[in-house]
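Start at 1 and go down the list; that is how both ligands and their atoms are numbered. When a residue number appears, it is its place in the shown sequence, counting from 1. This one's a predicted model, so the numbers in the text were calculated from it and none came from an experiment.
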Amino acid sequence: MIIIKSPREIALMREAGRVAALVFEEVGPLVVPGVSTAYLDEQVERVMRKYGAEPAEKGYYGYPASVCASVNEVILHGIPSEKKILRDGDIISLDLVTRKNGYCGDACRTYGVGIIGERQKRMIEIAKECFDNAMALVKPGAHVGDLGHAIETTAKKYGCSVAQQYTGHGIGRDMHEDPYIPCYGTPGTGPILREGMTICVEPMIFEHKNDVRVLKDGWTVVAKDGGLTSHYENTLVVTKDGCEILTKL
Ligand code: MF3
Ligand code: CO
């Protein structure tokens, strides 16, 4: 069931989203060579709490941290660790969900660590371009398949592939609501977007093949072929004639 949010609920989600954007603003500059992903996790939680939000990922199906910190070939759900030290040339996605006044804001950015190569830079840019091309289609009457198609064709243009088993999603009081928003699709198919729906569009991009493996920790999802991966996400609200990003300042 897809929940249409009232203007009051959208205002609350805008506030949760604003805190997510503040986290990137304050923690992004701390993504430097030599820090551990556990340090970034502490900082994410500190900034969320400073602005009156809670880390919604912590405890979600037992997830142990405030952020998913996924380095290089890790596409999703990298668990922050004291042992994982960032090195010059790495790329890392920080995927986080705030909860404030009962509503969630979910966003992800992929950062370069120190000086990164062209390969790394390209992956970061492709995920953002996939997002932008999908977001451009969001308006009442658009189909979910239109968005997935835009993400997939953009990624393919660069020889990249997209996640199959993991998708974007609706969001609200719950981190994950209907509809699911795949990174692939056929135009004109799938649920139809309506004003007041709140959705997370999140391209998850593989440099090469999209075969994945889940590590023994039960969370960490890696590209089987060891290629680079990138991820970009915002929470959007469908408006009268388009959409608004909620996870922004
Ligand atoms: N933020 C993720 C998403 O985009 C969900 C993280 S799973 C969790 O859907 F277990 F870490 F919460
Ligand atoms: Co997310």
Side-chain angles (χ1 to χ4, degrees), residues 2-3 13 16-24 27-28 37-38 40-45 47-48 53-71 74-81 84 91-100 103-111 124 127-128 130-131 134-135 138 144 147-148 151 162-184 197-206 210 212 214-222 229-237 245-248:
I2 302 178
I3 302 168
M13 290 189 67
R18 191 181 73 90
V19 177
L22 283 164
V23 173
F24 290 125
V27 177
T37 54
L40 297 175
D41 181 62
E42 280 167 29
Q43 297 305 310
V44 165
E45 180 164 5
V47 176
M48 283 190 193
E54 284 174 6
E57 289 179 350
K58 195 173 258 187
Y60 186 78
Y61 289 97
Y63 186 73
S66 298
V67 66
C68 296
S70 305
V71 179
V74 179
I75 178 119
L76 274 179
H77 305 162
I79 300 175
S81 162
K84 185 64 195 176
I91 56 176
I92 175 174
S93 70
L94 296 180
D95 184 3
L96 54 91
V97 186
T98 56
R99 181 178 282 111
K100 185 168 178 180
Y103 286 86
C104 295
D106 185 353
C108 178
R109 299 287 180 269
T110 301
Y111 294 93
I124 294 173
K128 171 73 161 60
C130 288
F131 173 85
M135 187 182 98
V138 176
V144 166
L147 313 185
I151 292 170
V162 299
Q164 296 295 314
Q165 298 94 327
Y166 302 92
T167 69
H169 48 90
I171 184 169
R173 284 193 169 275
D174 288 320
M175 182 195 305
H176 294 143
E177 296 182 354
D178 288 338
Y180 286 91
I181 317 259
C183 295
Y184 53 87
M197 288 183 187
T198 44
I199 58 172
C200 291
V201 175
E202 50 178 319
M204 293 166 258
I205 309 301
F206 296 80
N210 55 10
V212 297
V214 179
L215 301 190
K216 284 208 195 79
D217 60 26
W219 284 102
T220 312
V221 184
V222 304
T229 67
S230 61
H231 187 181
Y232 188 95
E233 173 181 18
N234 281 306
T235 300
L236 307 174
V237 57
I245 296 178
L246 296 176
T247 39
K248 69 165 182 0

Assess whether a salt bridge exists between K58 and E45, defined as any Lys/Arg side-chain N lying under 4.0 Å from an Asp/Glu carboxylate O.
yes

As an exercise, identify every atom of ligand 1 less than 4.0 angstrom from a heavy atom of [X].
| X | answer |
| --- | --- |
| H169 | 3 (C), 4 (O), 9 (O) |
| E233 | 4 (O) |
| V97 | 1 (N) |

What protein heavy atom lies closest to [atom]? Include the residue and the distance to one decimal.
| atom | result |
| --- | --- |
| atom 11 (F) of ligand 1 | C68 SG, 3.3 Å |
| atom 7 (S) of ligand 1 | H77 NE2, 3.7 Å |
| atom 3 (C) of ligand 1 | D106 OD2, 3.3 Å |
| atom 12 (F) of ligand 1 | E57 CG, 3.2 Å |
| atom 9 (O) of ligand 1 | H176 NE2, 2.6 Å |
| atom 2 (C) of ligand 1 | D95 OD2, 3.2 Å |

What N/O/S atom of D95 is the closest to the Co ion (ligand 2)?
OD1

Any chance you could measure [X], atom [atom1], to [Y], atom [atom2], to the nearest 0.5 Å?
| X | Y | atom1 | atom2 | answer |
| --- | --- | --- | --- | --- |
| I75 | S230 | CD1 | OG | 7.0 Å |
| F131 | I245 | CZ | CD1 | 4.5 Å |
| R109 | S93 | CZ | OG | 11.5 Å |

Calculate the angle formed at the Co ion (ligand 2) by OD1 in D106 and OE1 in E233; 10° precision is enough.
90°

Between E57 (side chain only) and C68 (backbone N and O only), is there a donor and an acceptor less than 3.5 Å apart?
yes

Determine yes or no for a side-chain-to-main-chain donor-acceptor pair under 3.5 angstrom, with N210 supplying the side chain and A163 the backbone.
no

Counting heavy atoms only, which part of W219 comes closer than 4.0 Å to ligand 1: side chain, backbone, both or neither?
side chain

Taking atom types as modelled, is there a side-chain donor on D106 or T235 under 3.5 Å from an acceptor on the other?
no

Please tell me whether D178 and H169 have a donor and an acceptor in their side chains that are separated by less than 3.5 angstrom.
no

Can you label the angle between the Y60 ring and the H176 ring as parallel, tilted or perpendicular, going by 30° and 60°?
perpendicular

Which word best sums up how the rings of Y111 and F24 line up, parallel for under 30°, tilted for 30 to 60°, or perpendicular for over 60°?
tilted

When you measure from the Co ion (ligand 2) to the N, O or S atoms of E202, does any of those distances fall below 2.8 Å?
no

Do ligand 1 and Y60 have nitrogen or oxygen atoms that lie under 3.5 Å from each other?
no

So is M175 close enough to ligand 1, meaning a heavy atom under 4.0 angstrom away?
yes

